[in-house]
Amino acid sequence: MAAGRWAYMASCAGCHGMEGEGIPNVSPAMKGNAALAMDNPQTIINVVLNGTPTQIFKNGERMYAMPPFAHRLNAPEVADLVTWIRAEWGGQTVPVTVEQVSAQETAVKKTEQRTGLPQAVAVFFHDACRFLRKGISNWRKR
C-alpha cells in the first residue's frame, strides 16, 4: 500500500489534496467519492489512464480537466495507486491487479494512436493544477 500512497502524493495530491479534500470548482475530493466505493475498479483505472474533460454543472460550478497518466505511470504503479485510493477513501480492500490495468491500457493506446493528441497538453494541465494549489495555499496563509 505504501507504493500506492507515494504514487498518490507524487501524481494526485497537487490537485486532489494531501488528505483527498480536492479544490472546490477545480478538482473533486477523493473523500466521499462514490466512484472509489464501486466494486469494479475499471472506472477509476480509466480516469487515471485517460483523464477527464472539464465539466460544467447546471449551477455554474465546474471541475477542470484531469490529465491522463497513461504515459507517466506504468501498470504496476497505476494498480498500486488505484488500490490505495480505493482502500483509503472508498472502503474497498480488494487489490487492483496489473492485469486489470493492462486491459484498460491497451484501449488507451489504441485511442491515442487514432487521435494523435499530444501528451504535452496533459503535462501542462497537471503542472498548472500544482501551481494553482500552491497559490491557493499561499493565499490562505494571508
Could you grab the distance from atom [atom1] of [X] to atom [atom2] of [Y], nearest 0.5 Å is fine?
X   : Y   : atom1 : atom2 : answer
M30 : C15 : CE    : SG    : 10.0 Å
T52 : Y64 : OG1   : OH    : 13.0 Å
E21 : S27 : CD    : OG    : 8.5 Å
L36 : R86 : CG    : CZ    : 8.0 Å

Can you find a pair of side-chain heavy atoms, one from [X] and one from [Y], that are under 4.5 Å apart?
X   : Y    : result
V48 : Q104 : no
L81 : S11  : no
E88 : M1   : no
I85 : I44  : yes
Q92 : P41  : no

* Flag yes if M9 and F69 sit in one hydrophobic cluster, no otherwise; membership is Ile, Leu, Val, Met, Phe, Trp, Tyr, and two members link when side-chain heavy atoms are under 4.5 Å apart. => yes

* Cluster check V47, V82: I/L/V/M/F/W/Y, side chain < 4.5 angstrom -> yes

Nearest heavy-atom neighbours spanning [X] and [Y]:
X    : Y   : result
M18  : A13 : SD-CB, 3.8 Å
A79  : V98 : CB-N, 4.1 Å
T54  : R62 : CG2-NH1, 4.1 Å
Q100 : I45 : CB-CD1, 4.0 Å

* Name the orientation class of the two ring planes belonging to Y8 and W84 (parallel below 30°, tilted from 30 to 60°, perpendicular beyond 60°). => tilted

* Asked: Between E77 and R72, does a side chain to side chain contact (heavy atoms under 4.5 Å, CB included) hold up when you go through it step by step?
  -> CA-CA 9 Å; E77 290 169 329; R72 295 184 118 184; over 6 Å; no

